[in-house]
Undergrad: 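Structure provided below as structure tokens; questions to follow.
The structure presented is a predicted model; accordingly, all values stated were derived computationally and were not measured. Start at 1 and go down the list; that is how both ligands and their atoms are numbered.
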Amino acid sequence: MTRPRLHSYFRSSTSYRLRIALNLKGVETDYIAHHLRTGAQRFESYLKLNPQGLVPSLELPDESVVLIQSLPIIEYLEETIPEPPLLPADPIGRARVRALAQMIACEIHPVNNLRVLNELRQSFGADDDAVADWFRHWVVETFGPLEALLFGSPDTGTFCHGDNPGLADICLVAQVANNQRFQVDMSPYPTIRRIYDACMERHEFQQAAPANQPDAE
Ligand SMILES: N[C@@H](CCC(=O)N[C@@H](CS)C(=O)NCC(=O)O)C(=O)O
């Protein structure tokens, strides 16, 4: 293996986060697709790499190391390839960016993940409308405060923190893409929309988008 192997699924927002970070850091990977809807993430061969059966994972060349969890993998990239930085230089700035990122990664994504939505259907009899309502509920819970924090802060620039894209933008873009699948009304969030649009003007974000992956349907 000469390049890292990226275990991904085109529609996975956590994989989308990592794809953006890899592009921003200029890291080329071999793309290994796992079709989540068919349960490929739970095949034994993949569980040997990532016992959680979740994507993304990043298999490093020559080191027999498999990194899991999108945010720690992105922080690994940040530590090993410092330029361009995805976190600010000052500790308060870093805390702000990590907080914005974790509002999405810790408060929205875990309750809206595919396996949670499947459980709602299978164990609680939720139909498509109920599942979509659930999804939107948890987005709205956090997007209101996220919009307020971004709108009200002098630290917000073209992007979530200043005029260069970073960790918070990565999480924001991937979540907004997910929202589109569940018809989340984005009109209450003009700052989030403006930042999303600014990100999507950049090729690193565009190339990472679900529609541009080898396994896109
Ligand atoms: N906290 C993990 C979450 C990973 C995760 O849940 N990935 C989803 C796709 S976005 C997945 O693999 N889901 C498979 C399933 O729900 O069965 C991360 O940030 O990497």
Undergrad: Closer than 4.0 angstrom, basic N to acidic O: yes or no for Arg3 and Glu59?
TA: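 The answer is no: the pair does not qualify as a salt bridge.
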Undergrad: I'd like to check the salt bridge (Lys or Arg N to Asp or Glu O under 4.0 Å) partners of Asp129; sequence neighbours left out, ordered by chain and number.
TA: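 With neighbours one apart ignored, the set is empty.
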Undergrad: Does the side chain of Asp30 reach to within under 4.5 Å of the side chain of Leu6, using non-hydrogen atoms?
TA: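 Counting from C-beta outward, Asp30 and Leu6 never come under 4.5 Å.
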Undergrad: Which ligand 1 atoms does Arg115 reach within 4.0 Å, using its non-hydrogen atoms?
TA: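 By the 4.0 Å cutoff, the relevant atoms are 15 (C), 16 (O), 17 (O).
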Undergrad: Can you tell me which residue and heavy atom of the protein come closest to atom 11 (C) of ligand 1, and the distance to 0.1 Å?
TA: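 For atom 11 (C) of ligand 1, the nearest protein heavy atom comes out as Leu54 CD2, 3.6 Å.
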Undergrad: Compute the shortest N/O to N/O distance between Ser12 and ligand 1 and return yes if it is under 3.5 Å, no if not.
TA: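 Ser12 vs ligand 1: no N/O contact under 3.5 Å.
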Undergrad: Can you sort out which atoms of ligand 1 are near Gln69, meaning under 4.0 Å from one of its heavy atoms?
TA: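 So the atoms of ligand 1 that pass are 1 (N), 2 (C), 18 (C), 19 (O), 20 (O).
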Undergrad: For ligand 1, is there an N or O atom under 3.5 Å from any N or O atom of Asn113?
TA: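 Yes, there is a polar N/O contact under 3.5 Å.
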Undergrad: Do side-chain atoms of Thr80 reach the backbone of Tyr76 as a donor and acceptor pair under 3.5 angstrom?
TA: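 At least one qualifying donor-acceptor pair exists.
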Undergrad: Enumerate the atoms of ligand 1 whose separation from the nearest heavy atom of Ser70 is less than 4.0 angstrom.
TA: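 This gives 18 (C), 19 (O), 20 (O) as the contact atoms.
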Undergrad: Pull out every atom of ligand 1 sitting under 4.0 Å from any heavy atom of Arg17, numbered as shown with elements.
TA: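 Matching atoms, with element in brackets: 19 (O).
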Undergrad: Using side-chain hydrogen bond (donor to acceptor under 3.5 Å, both in side chains), reason through Arg181 and Asn178 one step at a time and then give a plain yes or no.
TA: CA-CA 5 Å; Arg181 292 174 40 226; Asn178 248 4; 3.0 Å; yes
Undergrad: Is any NZ, NE, NH1 or NH2 atom of the basic residue among Arg136 and Asp185 found under 4.0 Å from an Asp or Glu carboxylate oxygen of the other?
TA: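 Answer for the salt bridge query: no.
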Undergrad: Take Gln52 and Gln69 through the test side-chain hydrogen bond (donor to acceptor under 3.5 Å, both in side chains) and record every step on the way to the result.
TA: CA-CA 10 Å; Gln52 276 200 294; Gln69 292 286 337; 2.9 Å; yes
Undergrad: Look at the aromatic rings of Phe182 and Phe135 and report parallel, tilted or perpendicular, splitting at 30° and 60°.
TA: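 Aromatic pair Phe182/Phe135 classed parallel.
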Undergrad: Quick check: does His109 get an N/O under 3.5 Å from an N/O on ligand 1?
TA: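 No, there is no polar N/O contact under 3.5 Å.
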Undergrad: Using modelled atom types only, decide if a donor and an acceptor are shared between the side chain of Asp163 and the backbone of Thr158 within a distance under 3.5 Å.
TA: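 Side chain of Asp163 to backbone of Thr158: a pair is present.
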Undergrad: Compute the shortest N/O to N/O distance between Gly53 and ligand 1 and return yes if it is under 3.5 Å, no if not.
TA: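 In this structure, Gly53 places no N or O atom under 3.5 Å from an N or O of ligand 1.
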Undergrad: Going by the atom numbers of ligand 1, which of them fall below 4.0 Å from some non-hydrogen atom of Arg42?
TA: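 Once the distances to Arg42 are compared, the set is 17 (O).
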Undergrad: Give the contacting part of Leu114 toward ligand 1: side chain, backbone, both or neither, where contact means a heavy-atom distance below 4.0 Å.
TA: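 The part of Leu114 near ligand 1 is both the backbone and the side chain.
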Undergrad: Closer than 4.0 Å to some heavy atom of Pro56 - which atoms of ligand 1 meet that?
TA: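 Here the atoms of ligand 1 in question are 20 (O).
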Undergrad: With a cut-off of 4.0 Å, which atoms of ligand 1 are near a heavy atom of Ser13?
TA: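 Checking each atom against Ser13, I get 10 (S).
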Undergrad: Please determine whether a side-chain nitrogen of the Lys or Arg among Glu78 and Lys25 lies less than 4.0 Å from a carboxylate oxygen of the Asp or Glu.
TA: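 A salt bridge is present here (some side-chain N lies under 4.0 Å from a carboxylate O).
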Undergrad: Going by the atom numbers of ligand 1, which of them fall below 4.0 Å from some non-hydrogen atom of Gln41?
TA: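 Result: 14 (C), 15 (C), 17 (O).
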Undergrad: Give the residue and atom name of whichever protein heavy atom lies nearest to atom 12 (O) of ligand 1, and the separation in Å to one decimal.
TA: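 Here the nearest protein heavy atom works out to Val55 N, 2.9 Å.
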